Amino acid sequence: MTELAQAVVNGLQMGFLYALVAVGLTIIWGLMEMINFAHGEFLMLGMFGAWWLSAGFHLDPLLAIVPIALAMYLFGMLVYQQLMRRVQGGDPFTQIFATIGLLFLLQNAVVAGFTSDYRFVNDTFLQKLGGVRLTLLGVTFAVPLLLAAGLALLLFLALYLLIERTEFGLALQATSEDRDAARLVGIRPQRMFAVAWGVGAALVAIAGAILVNFFSVYPQVGLQFTVLAYAIVALGGFGSILGTLLAALLVGVIQSVTVVYLPPAFKDAFVFASYLLIGLFRPQGLFGRF
Amino acid sequence: MARLALVLGTLAAILYPIPLQIQGTTYYQTVGFLVLITAMLGVGWNVIGGWAGQFDFGPQVFFGVGAYTAALLYVKLGVEAWLGLLAGVAAAAVICAVLTYPLTRLRGHYFAISTVAIWMIAQPIGATWEYIGAAQGLFIPMKAHAGIVGSAVALQFSGPTKALGYYYSALVLFALTVALMAWVERSKLGFYFRAIRDDQEAAESIGIDSRLYKVLARSITAGVFAAGGVLYAFWALSVFPEQVLELNWSTLPIMATVVGGIGRLWGPLLGAVILIPISQIMSTTLGTGPLAGRGIDLIVYGLIIVVIAAFRPTGLLSLPWARWFGRRRPAAA
Amino acid sequence: MAPLLQVESSTKRFGGLLANREVSLAIEAGEIVGLIGPNGAGKTTLFNCITGYMHPDEGRIVFDGADVTRTRPERICRLGVARTWQVVRAFGRMTALENVVCGALQRTNRIAEARARAGALLEFTELRGRGDMPAATLTLADKKRLEIARALATRPKLLLLDEAMSGLTPIETAAAVKLVRRIHEELQVTICVVEHVMEVVMPLSHRVIVLDYGVKIADGAPQAVVRDSQVIRAYLGDRRAAR
Ligand SMILES: Nc1ncnc2c1ncn2[C@@H]1O[C@H](COP(=O)(O)OP(=O)(O)O)[C@@H](O)[C@H]1O
Ligand SMILES: [Mg+2]
């Protein structure tokens with residue numbers, strides 16, 4: 001029983017990290033309805049950036065968040081303006097292909113520059129707290145993960161407020177709902193899309209900088225997170241920020257509970273089995289409105 | 001004109017390995033084998049992706065189903081490869097139909113993710129199922145064969161003619177696939193697939209059962225992938241999950257299809273002829289130098305795809321070839 | 001004899017909105033029925049319920065003796081109902097001829113036969129010469145004709161036309177009216193046309209049914225319906241509000 005409770009708690013903590021990975025996709029895919037299969041590569045770039053800043057400049061990943069987020073914001077805008085803008089109007093398949101190309105390009109550019117070796121970021125602030133544990137009712141909380149989850153929650157809240165409460169967020173939503181109408185009220189859709197890509201890339205890169213405290217870094221690290229992120233956004237009902245958070249927590253819990261009973265190889269399988277089951281009964285996603 | 005190209009192309013495909021074989025090189029036969037297998041898978045993917053317009057990211061599952069079916073039949077019951085291939089194709093088509101039918105309730109992105117979902121579920125099953133060898137997989141033992149004919153019947157070639165034997169086997173399978181898909185394209189199936197792609201509701205309004213035809217399209221794709229899987233398994237002499245359920249079995253054929261021309265019968269072949277040798281040329285030219293094994297070939301792939309997507313999303317075959325060459329050759333169609 | 005189509009007190013809700021409210025109507029074989037009503041009256045919703053794209057929350061729909069209340073669209077087509085769409089839905093990347101071939105394949109598996117029939121229907125709908133053009137490149141008027149040809153290719157008993165004339169120039173509208181008459185006379189197809197332009201429907205229809213806010217408010221001969229006070233209020237009121 002405690003084992004199960006422990007698994008649920010662990011899963012929830014992981015879930016916050018997943019939420020962070022997925023939320024950038026909620027903006028680009030869910031809200032702006034553009035596909036980005038290179039999402040995991042943006043994450044990987046964030047992780048590599050954090051590793052590089054740590055190895056080269058002894059900058060703690062938590063502090064590296066600032067320069068990484070800025071750089072990736074610009075990079076996301078660049079990707080939109082140079083590539084995605086061209087493929088936006090056409091067949092949705094073209095967006096898939098463009099971003100698969102981008103995926104190959106980014107992933108292997110990093111392979112070319114840094115090889116496929118696994119890298120670790122050591123002696124970070126969070127890792128030093130690794131020994132500290134909180135025990136509550138027989139359930140242990142690892143402090144680093146707890147702090148990371150708190151950070152994730154904070155970022156989530158900020159994003160939620162940005163999208164739902166600010167003028168900018170409303171303009172973003174208006175653009176996603178009706179581009180032409182948005183144009184009529186003085187919003188520049190191209191600009192909104194570029195900013196959305198920037199924000200999406202920055203968010204997932206921040207996630208990367210946080211993840212390096214817990215995961216090793218290598219050029220192919222993105223794929224496993226990309227597939228999970230897509231499942232999460234779809235489960236969360238496509239563009240709903242709160243839905244993404246809940247779905248991510250659910251995914252974290254499914255994974256860690258699965259591992260209690262089955263070989264670890266099945267942890268993603270059960271996430272996707274749940275996706276299929278939910279999809280069959282609620283094709284609009286778990287938390288979708290329509 | 002098209003007929004002439006077909007005849008010349010066929011002749012070239014049949015004849016080009018012969019001088020190489022006489023010289024004693026086998027390298028380009030293997031490249032040809034990989035080109036053909038990629039092209040064949042691309043032709044298969046075109047059915048669900050190019051014609052029916054459903055994004056399928058998980059056909060590699062059926063590549064695996066085919067490979068495992070034939071390998072199991074061969075290892076456990078001694079069934080010959082070509083019979084195993086038929087069984088593998090049938091098994092893949094049926095399993096695909098059963099799995100896909102409920103999924104056709106999902107549309108667009110949700111459907112695409114559900115194909116990924118099945119792949120994500122298939123991987124740990126393959127890695128833990130003892131009967132099919134779990135993570136170790138199955139080894140396909142070589143048996144002694146009487147001459148070329150015996151080898152061809154058993155789909156087992158070895159020694160200096162290994163590459164050549166598999167090249168021609170791949171050529172036969174590719175030709176069969178293209179012939180079959182050419183027929184599908186011109187039949188009721190081809191019309192219905194494209195109708196669903198262009199507008200599912202409108203298709204239903206003229207009596208097309210969209211769920212049934214999506215299942216048929218995906219099962220045809222699955223059948224082609226299964227055949228490819230069997231061929232690959234006998235070439236590699238083994239089947240294990242990390243090898244046959246590898247994502248590249250769908251991304252490479254999809255990329256070849258996109259480069260050549262999605263929805264066009266010959267698109268995947270053109271794409272494969274361009275893409276696959278790049279990998280091979282890179283690995284020879286880079287040799288053991290500092291950039292060897294650094295994914296340079298994949299960077300080039302990425303660039304090609306990005307450029308195609310941005311400037312010619314309908315693929316190279318859709319360029320106005322007839323107009324360019326028509327001026328010089330009025331006979332061109 | 002039972003009517004070809006019978007809608008029995010069909011109700012369709014979207015959340016709190018009642019798009020159709022206990023609508024009952026019958027269409028006899030051989031009729032041309034006009035279904036009119038201001039925008040948002042629930043005409044398209046009624047078509048969607050009849051053709052299986054939506055199912056009524058209450059009530060029953062019977063076509064040619066078969067209960068089709070919960071039947072899927074493709075089966076309803078096979079029973080003999082064909083439709084067109086308010087916003088045209090041609091198969092854009094297929095040629096005009098191929099569009100119609102897809103419809104004809106409903107009644108034959110032989111491509112050659114389907115092609116021949118499709119060619120004849122392109123001729124009938126005066127689209128000759130457009131056969132090899134990708135449907136996406138046709139003009140709106142031609143796309144609407146193409147949809148009609150494609151629907152006719154399935155050999156329907158009942159043809160439902162959703163605003164087949166909206167967005168057309170007066171000349172194109174006149175041609176479309178003529179086409180509807182020819183379909184009725186030469187192919188003996190029963191027709192129900194949705195229009196909100198009264199002037200088009202009145203001379204064409206044998207009978208007119210009026211919907212307003214999801215409720216049927218009139219059903220009868222065109223001359224009688226135009227004089228109905230409720231109809232005048234619904235219609236003219238709406239028109240004034242719209243301007
Ligand atoms: N799928 C739907 N979901 C929600 N509301 C709908 C839907 N389809 C139609 N409606 C609403 O139902 C009402 C009737 O619409 P419709 O049948 O299209 O009217 P008409 O064709 O007479 O103009 C309108 O208020 C419309 O907004
Ligand atoms: Mg309408």
Side-chain angles (χ1 to χ4, degrees), chain B residues 46-55 101-102 104-105 107 180-217 257-258 261-265 267 312-315 317-318 320 322 333, chain C residues 47-48 50-54 71-95 97-115 118 134-136 143 146-156 159-160 162:
Chain B
N46 234 345
V47 179
I48 184 76
W51 295 340
Q54 310 298 310
F55 209 90
Y101 188 75
T104 52
R105 285 173 56 105
R107 288 177 67 171
L180 217 62
M181 294 313 131
W183 175 80
V184 168
E185 187 179 25
R186 274 183 259 121
S187 74
K188 184 168 180 166
L189 289 170
F191 279 92
Y192 277 17
F193 293 161
R194 287 180 295 147
I196 291 168
R197 171 195 68 192
D198 281 3
D199 193 323
Q200 181 174 324
E201 272 77 27
E204 287 167 355
S205 80
I206 53 170
I208 299 173
D209 184 340
S210 60
R211 295 185 65 181
L212 173 69
Y213 280 90
K214 278 186 202 171
V215 168
L216 287 175
T257 309
V258 175
I262 185 166
R264 286 163 193 270
L265 191 60
R312 195 75 197 182
T314 45
L317 273 186
S318 74
Chain C
F47 268 19
N48 283 338
I50 296 170
T51 47
Y53 286 89
M54 292 170 180
T71 309
R72 287 194 42 82
E74 66 270 8
R75 314 209 80 221
I76 292 178
C77 168
R78 270 170 242 162
L79 291 173
V81 183
R83 71 172 292 178
T84 65
W85 305 82
Q86 180 170 350
V87 180
V88 282
R89 308 186 79 145
F91 303 134
R93 287 198 262 168
M94 302 173 85
T95 66
L97 184 77
E98 287 172 332
N99 267 264
V100 187
V101 168
C102 286
L105 284 171
Q106 195 45 49
R107 303 293 173 201
T108 172
N109 287 323
R110 303 216 341 264
I111 301 295
E113 195 181 323
R115 270 185 194 283
K143 278 184 190 148
L146 181 62
E147 271 197 343
I148 293 176
R150 183 177 70 187
L152 288 175
T154 66
R155 293 190 191 277
L159 179 63
L160 307 176
D162 198 350

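Just so it is clear, the model here is predicted, and its values are computed rather than measured. Residue numbers start from 1 in every chain, and the chains themselves are labelled A, B, ... in the order their sequence lines are given, proteins ahead of strands. Atom set for the values below is all heavy atoms of this structure, side chains included, hydrogens, waters and symmetry mates excluded.
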When you look at CZ of Arg312(B), are more than 12 heavy atoms from neighbouring residues, nucleotides or ligands closer to it than 6.0 Å?
yes
Is the number of heavy atoms from other residues, nucleotides or ligands under 6.0 Å of Arg186(B) CZ greater than 12?
no
Point-to-point distance, once rounded to the nearest 0.5 Å, from [atom1] of [X] to [atom2] of [Y]:
X: Arg78(C); Y: Ile206(B); atom1: CZ; atom2: CD1; result: 11.0 Å
X: Lys188(B); Y: Leu105(C); atom1: NZ; atom2: CG; result: 6.0 Å
X: Arg72(C); Y: Arg211(B); atom1: CZ; atom2: CZ; result: 6.5 Å
X: Cys77(C); Y: Asp209(B); atom1: SG; atom2: CG; result: 11.5 Å

For [X], which atoms come within 4.5 Å of any heavy atom of chain B: side chain, backbone, both, or neither?
X: Thr84(C); result: neither
X: Thr51(C); result: neither
X: Arg115(C); result: side chain

So which bits of residues 198-205 of chain B come within less than 4.5 Å of chain C, counting non-hydrogen atoms only?
Asp198(B), Asp199(B), Glu201(B), Ala202(B), Ala203(B), Glu204(B), Ser205(B)
Quick one: what part of Arg197(B) sits under 4.5 Å from any heavy atom of chain C, side chain, backbone, both or neither?
side chain
